Novice: 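Submitted below is the structure of interest, expressed as structure tokens.
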Amino acid sequence: MTREAVPDYSDTSRWSYYVDPSFYADLVELSGEWYDDWPPCALEVKADAEALLHREARLLDEARFNEWLDMYSRECLYWVPVTPGGGDPRAEVSHAFDDRRRLTDRVYWLRTGLAFCQIPQSRTRRIVGNVEVLDEPDNGRRRVRSSFLLTEFRAGTTKLYSGWYGHALTRDDDGWKIRTKQVNLLDSEHGHENLTIVF
Amino acid sequence: MRHIFGYTWVYLAHETQLPTANSFRTAYLGLRPLILTRDKHGELHALLNRCRHRAATVCREESGTAKSFQCPYHGWTYQNTGELIGVPWPDAYGTDFRRKDWSLAQVPRIETYRGFVFGTLNESAPPLTDHLGEVRRLLDYWIDRAPGGDVRVESGAHRMVYRGNWKLAYDNAADGYHPAFSHRSLLQMAQRLGESRDMTYFGQSPDQGPMYVQYLGNGHNFIDQRPSYDGAGSFWANQRPQPGREGFEERIRERYGDQADTYLDLCVGAQINLNIFPNLLLIGNQIQVIEPFAVDRTQLTWYATTVGGVPDEVNAMRMRTQEDFPAFGEPDDQANFEECQRGLAVPEVEWVLMNRGYGVEGRQKVSEDGVVTGPVTDELHMRGYFEEWVRLMSRAGAEDDT
Ligand code: FES
Ligand SMILES: [Fe+2]
């Protein structure tokens, strides 16, 4: 597989070049910034960010995964660390560390109809609240943190997950896209049964 | 639980999980809570996490460093060697109370094989190296892939709980029959981009291929996937794609030239499944530990490993590889374990089959040292390890065991 053979690497669901040392370094830095105090933001900005989170929650709860994928930027990351609060993904393993290709794999996998851990498919419903936004219009960045409560029902069993989301948004021609979503489960490093839903 | 985990050698932890003097971490031996400690001289101890006063656990943290543990209930204090060093207002125990009679109980024997720490309650168990037997050669292969044999457990772990018996995981770990069916979701996903070969060789007449399964004696099993690969770089070339893969490969090849294939192969699994009875599984680069909680409840913990003597970027890629199967493979296995457990509750139909390949002419070879080898889908591994299980369960006087 050489560069000459396929010269176009812009299709990030096929090729993965952007998860490089500087991507990791940015991520570790971002991971620390979730704990800063943020100044209050304008009401419209907050409403805008909330609408995005609520839409994402609804698409996931309705298993509309293709539309959900479209909410992400081309070079993106869906990250569910094992280490509470994040840790360093260069040295620590994650429940999910999905670049765009692995994210499309995940959606494809769920759709094969052969993922027995999702037969029957989970029903989920989530509440996203306590939304705070850090707005940086000058460099096209926005960060959103929130708390979530997620109920999953599958195979006769109801489970409750809670934790917080960190969303790093980026602006493209169509508006705000999710560049990084960090999902921090309250009990991420403890025993879980069938942890196969998308948070 | 008493007859198996209370008697044979049980894996407790990797030495690198106790990295410094006065490190500790909690573990289980069967259902017994343990504190593994490294004392100030570097010596390892496996203490029962049970206060000698009224049995409260004295250590409630998962890991850390401590020279001593004070029981939160009435304040008895023990050194990390287990010795009782403090009892509040001891006068009330009279003059013949001697602290040294009330140390924390210990697992009487612990031994380490190249970083893997095992313990047994059986004073007369054979030496650990004898118990490991044929396993040692393969454990050596697994360890020696790392430069200087420097394998470390430093990352967090995937902890998975399923509603089923612990043996379902042990049965499965050397089962070459199931991947083509249980893991169809993963195999289809892997073929989405038409490149990966990883595990697809389980799908097309696996018994005609070069892979094999072995029963190694003493309950240990082995599947060899290596014959499906060849040459340096082949493990890597056939791995399902991880995040950052292509850019990473180019950087490693540019920087390390001749060394690159070795580094790339180290990013992905060892292509063996080595199952060390009763609770340790080496699969890929991961160290898995089976912890039975109840007849129908088990925790399976997957410890990711890093290795020394390689660029940090190699270890980052190991993490991306190691989180692939817990996400897209193991959940389907565990769903099947749970459905087996449900089916096993049918009282009218008692038996399960594990006779695949049994008595079929020319299918199995037995070597001089008793190692049984057969085509990869044979259930010979189950027939083998259940012999060890029966031996332990039916020992004369087993009822008296702790
Ligand atoms: S139970 Fe530990 S001091 Fe009483
Ligand atoms: Fe499997």
Side-chain angles (χ1 to χ4, degrees), chain A residues 1-3 6 9 12-21 23-24 77 79-84 87-119 154-155 157 187-196, chain B residues 62 154-163 181-190 192-193 195 237 240-251 286 291 293 299-304 306 312-313 315-320 322-324 326-328 330-336 338-339:
Chain A
M1 207 186 315
T2 61
R3 259 183 190 279
V6 182
Y9 293 98
T12 49
S13 64
R14 188 163 185 93
W15 306 101
S16 182
Y17 280 93
Y18 65 89
V19 182
D20 61 10
F23 182 90
Y24 277 117
L77 181 72
W79 183 28
V80 187
V82 167
T83 310
D88 184 342
R90 293 170 293 200
E92 292 168 85
V93 80
S94 307
H95 292 295
F97 190 98
D98 294 0
D99 63 346
R100 176 165 276 274
R101 177 169 57 192
R102 201 182 253 179
L103 206 49
T104 52
D105 269 350
R106 191 177 290 276
V107 170
Y108 186 92
W109 172 73
L110 286 167
R111 288 272 164 77
T112 54
L114 295 165
F116 306 117
C117 56
Q118 275 296 306
I119 300 175
R154 196 193 89 85
T157 305
D187 52 356
S188 53
E189 83 282 36
H190 283 268
H192 291 281
E193 287 177 23
N194 201 340
L195 199 70
T196 45
Chain B
E62 218 176 278
E154 294 169 332
S155 158
H158 291 105
R159 289 211 157 88
M160 308 174 174
V161 178
Y162 66 86
R163 296 165 193 232
F181 303 92
S182 288
H183 298 305
R184 274 195 288 179
S185 62
L186 181 145
L187 297 179
Q188 268 193 20
M189 179 193 95
R192 180 173 74 97
L193 301 175
E195 283 150 4
R240 272 186 304 286
Q242 316 87 336
R245 179 185 170 92
E246 288 83 357
F248 170 80
E249 175 166 355
E250 285 178 15
R251 287 192 300 279
Q286 274 139 305
E291 291 170 322
F293 287 166
Q299 178 164 270
L300 185 63
T301 302
W302 298 48
Y303 291 96
T306 47
D312 287 347
E313 235 188 299
N315 277 318
M317 189 52 76
R318 281 169 76 91
M319 292 302 142
R320 300 297 79 81
Q322 292 180 113
E323 61 213 8
D324 177 88
F328 304 111
E330 193 62 19
D332 287 339
D333 279 333
Q334 298 201 344
N336 283 327
E338 293 188 345
E339 297 306 319

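Fair warning: this is a prediction, and the values are worked out from it, not measured in the lab. Just so it is clear: chains get the letters A, B, ... in the order the sequence lines come, proteins before strands, and each one is counted from 1.
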Novice: What part of B/A327 lies closer than 4.5 angstrom to a heavy atom of chain A: side chain, backbone, both or neither?
Specialist: both
Novice: Heavy-atom distance under 4.5 Å to chain B: side chain of A/F97, backbone, both or neither?
Specialist: both
Novice: If I take atom CD from residue B/E339 and atom CD1 from residue A/I119, how far apart are they, to the nearest 0.5 angstrom?
Specialist: 10.5 Å
Novice: Quick check on B/E330 against chain A: is it the side chain, the backbone, both or neither that has a heavy atom closer than 4.5 Å?
Specialist: neither
Novice: Looking at B/M319, B/R184, B/E154, which has the largest count of heavy-atom pairs under 4.5 Å with chain A?
Specialist: B/M319
Novice: Please report the interatomic distance CD(A/E193) to CE(B/M160), rounded to the nearest 0.5 Å.
Specialist: 12.5 Å
Novice: Counting only heavy atoms closer than 4.5 Å, note whether B/P331 contacts chain A via side chain, backbone, both or neither.
Specialist: both
Novice: Working to the nearest 0.5 angstrom, can you tell me the gap between B/L193 CG and A/T104 OG1?
Specialist: 7.0 Å
Novice: Would A/T196 and B/Q334 count as a side chain to side chain contact (heavy atoms under 4.5 Å, CB included) here? Give the steps.
Specialist: CA-CA 11 Å; A/T196 45; B/Q334 298 201 344; over 6 Å; no
Novice: Sort B/A316 into side chain, backbone, both or neither according to what part of it lies under 4.5 angstrom from a heavy atom of chain A.
Specialist: both
Novice: Just wondering, do B/Q242 and A/S16 contact through their side chains at under 4.5 Å, heavy atoms?
Specialist: no
Novice: Any Lys/Arg nitrogen of A/R90 or B/D312 sitting under 4.0 Å from an Asp/Glu carboxylate oxygen of the other?
Specialist: no
Novice: Considering all heavy atoms of both residues, which atom of B/G156 and which atom of A/V93 are nearest to each other, and what is their separation?
Specialist: O-CG1, 3.6 Å
Novice: So, do A/P21 and B/E313 sit near enough that their side-chain heavy atoms are less than 4.5 Å apart?
Specialist: yes
Novice: Less than 4.5 Å to any heavy atom of chain A: does that hold for the side chain of B/F328, its backbone, both, or neither?
Specialist: both
Novice: Tell me, side chain or backbone of A/T157 under 4.5 Å from chain B's heavy atoms, or both, or neither?
Specialist: side chain
Novice: Top residue by heavy-atom pair count (under 4.5 Å) with chain B, among A/A96, A/A91, A/P81?
Specialist: A/A91
Novice: Could you measure the distance from the CD atom of B/Q188 to the CH2 atom of A/W109? Nearest 0.5 Å is fine.
Specialist: 13.0 Å
Novice: Does CZ belonging to B/F181 count more than 12 external heavy atoms closer than 6.0 Å?
Specialist: no
Novice: What option among A/E189, A/H95, A/R106, A/Q118 has the most heavy-atom pairs under 4.5 Å with chain B?
Specialist: A/R106
Novice: Let me know if B/D333 has heavy atoms under 4.5 Å from chain A in its side chain, its backbone, both or neither.
Specialist: neither
Novice: Can you give me the closest heavy-atom contact between A/G191 and B/Q299, atom names plus distance?
Specialist: CA-OE1, 3.6 Å
Novice: Please classify the contact of B/R318 with chain A as side chain, backbone, both or neither, using a heavy-atom distance under 4.5 Å.
Specialist: neither
Novice: What is the distance from atom CD of B/E338 to atom CG of A/N194, rounded to the nearest 0.5 Å?
Specialist: 7.0 Å
Novice: With respect to chain B, which residue among A/R100, A/R111, A/E92 yields the maximal number of heavy-atom pairs within a distance under 4.5 Å?
Specialist: A/E92
Novice: Could you report the tightest heavy-atom contact between A/L114 and B/D332, atom names first, then the distance?
Specialist: O-OD2, 4.1 Å
Novice: Using side chain to side chain contact (heavy atoms under 4.5 Å, CB included), reason through A/D20 and B/R251 one step at a time and then give a plain yes or no.
Specialist: CA-CA 10 Å; A/D20 61 10; B/R251 287 192 300 279; 3.6 Å; yes
Novice: Are the side chains of B/P241 and A/R102 in contact, using a 4.5 Å heavy-atom criterion?
Specialist: no
Novice: Return the CD to OG distance between B/Q322 and A/S94, rounded to the nearest 0.5 Å.
Specialist: 11.5 Å
Novice: For residues B/E246 and A/Y17, report the shortest heavy-atom separation together with the two atoms involved.
Specialist: CB-CZ, 3.5 Å
Novice: Should B/R192 and A/R101 be marked as a side chain to side chain contact (heavy atoms under 4.5 Å, CB included) after you check the CA-CA gap, both sets of side-chain angles, and the distance that decides it?
Specialist: CA-CA 11 Å; B/R192 180 173 74 97; A/R101 177 169 57 192; 4.1 Å; yes
Novice: I'd like to check A/H190 versus B/E62 (side-chain heavy atoms, cut-off strictly below 4.5 Å). Are they in contact?
Specialist: yes
Novice: Can you see which heavy atom on A/Y24 is nearest to which on B/R320, and at what distance?
Specialist: OH-NH1, 2.9 Å
